[in-house]
Structure formats: C-alpha cells, structure tokens
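Hydrogens, waters and symmetry mates play no part in the numbers below; they use all other heavy atoms, side chains included. If you're wondering where the values come from, they're calculated on a predicted model, not measured in any experiment. We count ligands from 1, going down the list as the structure has it; atoms in each ligand are counted the same way.
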Amino acid sequence: MIDPPAGSVLDTVGRTPLVSVQAAPDAVPVYAKLESFNPGASVKDRIGRYMLERMLERGDVSPGGTVVEPTAGNTGIGIAVAAGQLDIEAVFVVPERFSVEKQQLMAALGAEVINTPTSEGMGGAIERAHELAEELDDAVVPQQFSNPLNTEAHYETTAPEVYEALDGEVGAVVAGCGTAGTLMGLARYARERDPDTYVCAVEPEGSLYATTKGVESEEAEYKTEGIGTHDPTTNELFEPELVDEVLQISDRDAHDELKRLAREEGHLVASSSGAASVAALGVAERIEADEIDAPHDSVVTVFPDSSERYLSKGIYRSFEAWED
Ligand code: PMP
C-alpha cells in the first residue's frame, strides 16, 4: 500500500526497506536495512529527528535556538534536515578529513560548518562544539556519543521496523559501531524479545571496541568511514554486556564487499555497509554450521549510507587509490 502524502521530509524518516543479501546461505538469510532511503540518505536522519523532537519537548532548546554538534558528517546532515523543519539553527564542527560531499550537504541544508584540524581528531571537534555552545544563547549540544536519545531512536524506530518485517523471527543482529547507538538500540530491543538473540558489533581492524570484550587489538589507522573507535571510553553508549562478540573487518574486505554488493546485488553502499555485510554473512555461515546458537535462522544488519557520498574519495577505484 502506498503511504498518503507526507507533510514534510521529516515525516519520511525511517520505515526503510529491509532487503535480503543474496550472498547469504539459503538456510540462514541475511537482511539489510537500507538506510540510504532516508531523506538525508543515511541512518543518522533517525537520530536527527528523534533527538531534536525530544529536546524540543523537554525544553532543552526552543524554536529559534541553536543546535551545535561535533560530527563526522552523516549526523550533521540528519540533524540539519530536522533542524531546518523544526525552526532550529544548526552549527556543525567537523574534522577536516571527512568527506567534502557531506560538508556541502550540511551547508546546503542551511547549516554552518566549522572545520577543526584532522590532527585533533573527534576530541578537538567535541571541545570546539562545547566552546561555541557556551558563547551562544539557547544553544544545545546533543552529543550523539553520550546521548541516550541516540540509542533510544533506534530502539523506538529501527528495531520495531525490523521485528515487524520479520514477524519477530530474528536470530542475530550485526551492526557497525561508531557511536554504537544503532547496535545498542537494536540489541536492547532484541534481548527484550528473546534474551538469546546473538548480538555482534562490527568495527574496522585497528579499532579498539574489541578490547572491551577482553580481546587484544592493535590500534591502527583505517579507511572504513563511520565506524570504529580509537578510545572506547569516549563511546559512552556502547554496553559490552549487550554484545556477544566484536568482529573486526579489514578495510580490504570491506572494500571488496562494497564493490561486490554494487556489481552483483545493485547496492550503492559505502564502506561501513561493506564491513557490516562481511560480518553478517560470516555470522550466518556460523549459524548454519551450528557454531553459533541463535534462536532463529536469520541475521539482520544495517547498511548505514550510500557510496555516492564518497565518490570524491575514489570509493570505486582500486583499494590503493581509495582515500581515507
Ligand atoms: N556507518 C556510517 C557511514 C556512519 O556515519 C555511522 C555513524 N557514525 C555508522 C555507520 C555507525 O552508526 P552508529 O553511530 O549508530 O554506531
């Protein structure tokens, strides 16, 4: 059934398609939630809308006020879409290295973009965002890395959509972790439905989420964008006790897979989707081989955004020519 007309793009956030990953074993299908179908073309539209609506309700910010957020990009676009429709000014602090497409889109949506040096990392951007908010009247920093509304957005929207589509038959949830809001929202919902649901976090090789599960991991740079952490103490939403396993996927495997997904399955998705797909397919194979005991023979993952956002970085060139 076709939905009736929407009042604004904000009403079109969520309710994204869930599509089979065709490379999965027949006995254990893998389903990916295609988040590039959101109006700002990423999973972060969900938290942009959800966080701002709740913060307006609570009086943390009023119409005409300002939202200031340190962001690598997609969150800025998601917040900018919502802020524009909710009469809130948006200012984003973005480390220089992140994709120029994202920064152009934030500006096109009416937001102000301030760059901080790549060498200062996300930490530098966070510090600058708080300084800016101090200087402004009626300004709020949602801080997606520590705001429980981030996880709640996925618990309230992404997870119920998945469970409705699959009649509750979800054996495992596998998702990349940047802030970890997506995975934590899914995991919390999944464990309430069935405490045995297998939960798997995905990060690039060189990232340190695995250390929270007692796995030794050597820190290194990675090209996969949007997931991973160099300091898990800053990822306050990540709850290791809700996670059975952290899977580390190499940049090369994520890159091979995002290209395969385009060529063979018609998905124009980026590196964090490639990593999620490799991990989810691996979990499906292990469920099929009885190496993982899951309550249902199915795996759900999330494809957070689209490759179009990374064409300037040569995402479809050779692995070596793909820039981080
Ligand atoms: N992939 C991409 C491309 C992202 O921008 C993000 C958000 N940083 C994620 C995955 C991870 O989502 P989350 O922050 O909910 O863990």
Query raised in the report: Which atoms of ligand 1 are found less than 4.0 Å from any heavy atom of Pro304?
Result: 1 (N), 2 (C), 10 (C)
Query raised in the report: How far is atom 6 (C) of ligand 1 from its nearest protein heavy atom, and which residue and atom name does that atom have?
Result: Gly226 O, 3.3 Å
Report task. Determine, for Glu53 against Arg49, whether the closest basic-nitrogen to carboxylate-oxygen distance falls under 4.0 angstrom. Result -> yes
Query raised in the report: Quick one: does ligand 1 sit under 4.0 Å from the side chain of Tyr310, the backbone, both or neither, non-hydrogen atoms only?
Result: side chain
Report task. Report yes if Ile227 has an N/O atom closer than 3.5 Å to an N/O atom of ligand 1; otherwise report no. Result -> no
**Report entry** N or O contact, Asn74 vs ligand 1, cut-off under 3.5 Å
**Finding:** yes
Query raised in the report: Does NZ or CZ of Arg193 fall inside the cone over Tyr189's six-membered ring, less than 6.0 Å from its centre and within 45° of the axis?
Result: no
Query - Pair Glu152 + Arg54: basic N to acidic O under 4.0 Å - result: no
**Report entry** contact_flag Ala270 ligand 1 heavy-atom lt 4.0 Å
**Finding:** no
**Report entry** Mode of Asp305 contact toward ligand 1 - side chain, backbone, both, neither (heavy atoms, under 4.0 Å)
**Finding:** side chain
Report task. Output yes when Arg191 and Asp244 qualify as a salt bridge under the 4.0 Å nitrogen-oxygen rule, no when they do not. Result -> yes
Query raised in the report: Looking at ligand 1, does any of its N/O atoms fall within less than 3.5 Å of an N/O of Ser272?
Result: yes
Requested in this report: Pick, from Glu35, Lys44, Gln144, the option with the minimum heavy-atom distance to atom 7 (C) of ligand 1.
Outcome: Lys44
Report summary line: Per-atom filter on ligand 1: closer than 4.0 angstrom to a heavy atom of Gly176 are 16 (O)
Query - N or O pair under 3.5 Å between Lys102 and ligand 1 - result: no
Query raised in the report: What do you reckon, are the aromatic ring centroids of His230 and Tyr222 less than 6.0 Å apart?
Result: yes
Query raised in the report: Hey, which atoms in ligand 1 end up nearer than 4.0 Å to a heavy atom of Thr182?
Result: 12 (O), 13 (P), 15 (O)
Query - Check ion pair Glu225-Arg309 (N to O, under 4.0 angstrom) - result: no
Query raised in the report: Does a salt bridge link Glu161 with Lys33, judged by any charged N lying under 4.0 Å from a carboxylate O?
Result: yes
**Report entry** ligand 1 atoms in contact with Ala180 (distance to a heavy atom under 4.0 Å)
**Finding:** 13 (P), 14 (O), 16 (O)
Report task. Check whether any N or O atom of Cys177, backbone or side chain, sits under 3.5 Å from an N or O atom of ligand 1, and answer yes or no. Result -> no
Query raised in the report: So is there a nitrogen or oxygen of Gly178 less than 3.5 Å from a nitrogen or oxygen in ligand 1?
Result: yes
Report task. May I ask you to decide whether Lys313 forms a salt bridge with Glu101, counting only side-chain N to carboxylate O separations under 4.0 Å? Result -> no
Report summary line: ligand 1 atoms nearer than 4.0 angstrom to some heavy atom of Gly181 are 15 (O), 16 (O)
Requested in this report: Would you please classify the geometry between the His267 ring and the Phe303 ring as parallel, tilted or perpendicular, with 30° and 60° separating the classes?
Outcome: perpendicular
Query raised in the report: Under 4.0 Å between a Lys/Arg side-chain N and an Asp/Glu carboxylate O for Lys44 and Glu69?
Result: no
Query raised in the report: Salt bridge check: are Glu264 and Lys259 linked by an N-O gap of less than 4.0 Å?
Result: no
Report task. Please could you name the atoms of ligand 1 that Thr179 approaches to less than 4.0 Å, counting only its heavy atoms? Result -> 13 (P), 14 (O), 15 (O), 16 (O)
